[in-house]
Amino acid sequence: MKVLLIGVGGVGEAIATVAKGRPWLERMVLADVDLERTHEVAARLGDQAVFPVEPVDASDPGQIASLARRYEVD
């Protein structure tokens, strides 16, 4: 499964942490306006191939749609 996770605050980090290592997870794109925080979470998760980082303004549906297309998230 490919997931686009919008928001990598406390709840987003918890979601990614629980998903890490699950057999169903192919990729979880960590997307947030705060790239520093997003990179910190990605570093803790330790797998950039599974947890790539992308900037996103969640108030812009076009940015979200573009990321979903780029990473083939359905």
Side-chain angles (χ1 to χ4, degrees):
M1 174 183 290
K2 297 174 188 172
V3 178
L4 175 56
L5 182 63
I6 306 294
V8 190
V11 173
E13 181 177 5
I15 290 167
T17 300
V18 169
K20 181 181 176 181
R22 303 290 177 163
W24 50 263
L25 183 64
E26 181 179 342
R27 180 177 296 130
M28 180 175 286
V29 180
L30 305 177
D32 199 297
V33 71
D34 183 351
L35 278 181
E36 183 178 337
R37 164 78 178 152
T38 309
H39 282 290
E40 290 170 2
V41 172
R44 282 194 285 277
L45 293 168
D47 190 342
Q48 290 270 316
V50 175
F51 296 99
V53 170
E54 291 286 346
V56 70
D57 176 353
S59 69
D60 183 344
Q63 286 186 32
I64 295 169
S66 177
L67 280 176
R69 281 191 301 274
R70 185 176 336 152
Y71 286 95
E72 300 176 340
V73 175
D74 294 329

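The shown structure was predicted, so the numbers you read here are calculated from the model rather than taken from an experiment.
- By the 4.0 Å N-to-carboxylate-O rule, R37 lies close enough to E13 to be salt-bridged with it.
- Results of the side-chain contact (heavy atoms from CB on, under 4.5 Å) test with I6 over V56, L30, D57 single out V56 as the only residue that passes.
- Side-chain heavy atoms closer than 4.5 Å link hydrophobic residues (I, L, V, M, F, W, Y) into clusters, and following such links, possibly through other members, connects V11 to F51.
- No path of Ile, Leu, Val, Met, Phe, Trp and Tyr side chains, each step under 4.5 Å between heavy atoms, connects W24 with V18, placing them in separate hydrophobic clusters.
- Side-chain atoms of M28 and I15, non-hydrogen and from C-beta on, do get closer than 4.5 Å to each other.
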**OP:** Show the numbers, then the answer: is there a side-chain contact (heavy atoms from CB on, under 4.5 Å) between M1 and R22?
**Re:** CA-CA 10 Å; M1 174 183 290; R22 303 290 177 163; over 6 Å; no
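- Not a single donor-acceptor pair under 3.5 Å links the side chain of D32 to the backbone N or O of T38.
- Residue A16 comes nearest to L45 through the heavy atom pair CB-CD1, 3.7 Å, listed as atom of the first residue, atom of the second, then distance.
- For the residue pair A68 and L4, the shortest heavy atom distance occurs at N-CD2, 3.9 Å.
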Subject >> Step-by-step side-chain contact (heavy atoms from CB on, under 4.5 Å) determination, Q63 to L67 >> reply: CA-CA 6 Å; Q63 286 186 32; L67 280 176; 5.8 Å; no
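- Between the CG atom in L25 and the NZ atom in K20 there is a gap of 11.0 Å [rounded to 0.5 Å].
- If you chain together hydrophobic residues whose side chains sit under 4.5 Å apart, V50 and V41 fall into the same group.
- Both I64 and Y71 are assigned to one and the same hydrophobic cluster, defined by single-linkage of ILVMFWY side chains at heavy-atom distances under 4.5 Å.
- Taking every heavy atom of both residues into account, R27 and A49 meet most closely at NE-O, 3.7 Å.
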